[in-house]
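Because the structure is predicted, anything quoted here is derived from the model rather than measured.
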Amino acid sequence: MTARLNLFGSPLAGKVFARIGGASKAVFDSGLIPKATQDLVLLRVSQINGCAYCTDVHSKDLLHAGVSAERVSLVAVWREATVFTDAERAALELAEHGTRIADGAGGVPDEVWDNAAKHYDEEQLTALVCLISLINASNRLGVITRQQGGHYKPGTLG
């Protein structure tokens with residue numbers, strides 16, 4: 001399979017990526033959510049959406065940052081894994097429901113939100129919601145245009 005568009009060579013896509021990247025950087029730089037939690041959320045959403053490029057990026061960046069291969073490989077099955085904290089599990093659950101909005105009548109269930117609110121304050125929840133929304137936008141760009149994974153060099157984005 002080949003990419004449908006060269007997003008990395010497009011002036012318009014470059015402007016869009018700069019804005020998405022700037023918004024993502026605001027979340028990253030806020031320090032509101034631990035870096036590992038952010039990266040686990042980015043990876044899980046990318047897996048759900050089937051974005052090969054973003055899954056490649058986020059799995060490699062997690063490993064490059066020193067997150068264990070065990071945690072990276074188990075993020076897809078986090079419910080059955082013992083290597084995630086309760087706060088990480090709440091963030092992953094919110095990320096899954098926020099990504100699969102069309103699958104659940106009424107969007108994110110109150111129980112999921114309430115569980116996340118046990119671990120994160122209002123500003124941290126804002127950061128999580130923004131992060132989940134931004135990676136979903138990035139994933140859609142990648143999936144629609146069939147951006148390929150496998151060529152990313154760890155640590156070279158943002």
Side-chain angles (χ1 to χ4, degrees), residues 1-69 71-78 84 88-108 112-113 116 120 122-158:
M1 176 172 54
T2 59
R4 290 176 169 153
L5 292 174
N6 177 6
L7 292 179
F8 298 100
S10 164
L12 175 59
K15 290 176 185 176
V16 170
F17 287 139
R19 303 256 181 345
I20 291 173
S24 297
K25 187 171 175 7
V27 175
F28 300 150
D29 291 351
S30 73
L32 292 166
I33 305 296
K35 176 85 167 95
T37 302
Q38 292 178 39
D39 290 338
L40 291 168
V41 164
L42 295 172
L43 175 57
R44 184 64 190 123
V45 171
S46 298
Q47 290 171 333
I48 292 167
N49 287 325
C51 185
Y53 179 80
C54 293
T55 297
D56 186 35
V57 167
H58 300 300
S59 61
K60 287 178 180 174
D61 279 350
L62 277 160
L63 293 168
H64 183 73
V67 174
S68 72
R71 283 170 47 86
V72 173
S73 65
L74 290 174
V75 73
V77 292
W78 62 268
F84 302 103
E88 288 170 338
R89 296 168 78 74
L92 289 165
E93 184 177 38
L94 181 62
E96 285 191 0
H97 283 276
T99 298
R100 293 181 165 139
I101 290 174
D103 295 345
V108 175
V112 172
W113 184 264
Y120 302 101
E122 190 167 312
E123 198 65 7
Q124 290 171 313
L125 287 169
T126 300
L128 275 172
V129 168
C130 289
L131 187 67
I132 293 163
S133 299
L134 291 164
I135 191 59
N136 270 288
S138 294
N139 289 165
R140 275 138 180 83
L141 286 166
V143 171
I144 291 167
T145 62
R146 293 187 176 157
Q147 298 303 301
Q148 297 178 319
H151 304 290
Y152 177 69
K153 303 297 181 223
T156 59
L157 283 182

Rounded distance [0.5 Å steps], OG in Ser133 versus CD1 in Ile101:
7.0 Å
Using modelled atom types only, decide if a donor and an acceptor are shared between the side chain of Thr37 and the backbone of Ile33 within a distance under 3.5 Å.
no
Atom of Ser138, atom of Ile20 and distance for their closest heavy-atom approach
OG-CG2, 3.5 Å
Can you see which heavy atom on Cys51 is nearest to which on Asn139, and at what distance?
CB-ND2, 3.6 Å
Nearest heavy-atom approach of Gly149 to Asp56 is C-OD2, 3.8 Å
Here the pair of heavy atoms bringing Lys60 nearest to Gly150 is NZ-O, 3.6 Å
Return the minimal non-hydrogen interatomic distance between Val75 and Leu40, and the atom names on each side.
CG2-O, 3.9 Å
Quick one: do Thr2 and Arg146 satisfy side-chain contact (heavy atoms from CB on, under 4.5 Å)? Show the steps, please.
CA-CA 7 Å; Thr2 59; Arg146 293 187 176 157; over 6 Å; no
All pairs passing side-chain hydrogen bond (donor to acceptor under 3.5 Å, both in side chains) where residues 3-22 contributes a residue, at least two apart:
none
Straight-line distance of His58 NE2 to Gln38 CD, nearest 0.5 Å
11.0 Å
I want to check something: taking the side chain as every heavy atom from C-beta on, are Phe28 and Leu131 in contact at a cut-off of under 4.5 Å?
yes
Is there a donor-acceptor pair under 3.5 Å between the side chain of Arg89 and the backbone N or O of Trp78?
yes
Interatomic distance, Asn136 atom CG to Asn49 atom CG [nearest 0.5 angstrom]:
5.0 Å
Of Val41, Val45, Leu94, Ile135, the one forming a side-chain contact (heavy atoms from CB on, under 4.5 Å) with Thr99 is Val45
Could you work out, with ring-ring contact (aromatic ring centres under 6.0 Å, His included) as the rule, every residue matching Phe17, not counting sequence neighbours?
Phe8
Drop me the distance from Gln47's CD to Cys54's SG, to the nearest 0.5 angstrom.
11.5 Å
Tell me whether Asp39 contacts the main-chain N or O of Leu62 through its side chain, where contact means a donor paired with an acceptor under 3.5 Å.
no
Do Trp113 and Leu125 have side chains that get closer than 4.5 Å, going by heavy atoms?
yes
Rounded to the nearest 0.5 Å, how far apart are OG of Ser68 and CG of Leu74?
8.0 Å
Could you check whether Asp61 and Tyr152, counting side-chain N and O atoms only, form a donor-acceptor pair closer than 3.5 Å?
yes
Evaluate the side-chain proximity of Leu141 to Gln147: yes if any heavy-atom separation is below 4.5 Å, no if none is.
no
Looking at residues at least two apart in the chain, or sitting in another chain, which of them share a side-chain hydrogen bond (donor to acceptor under 3.5 Å, both in side chains) with Arg71?
Glu88
Taking every non-hydrogen atom, the tightest pair across Leu92 and Arg44
CD2-CB, 3.7 Å
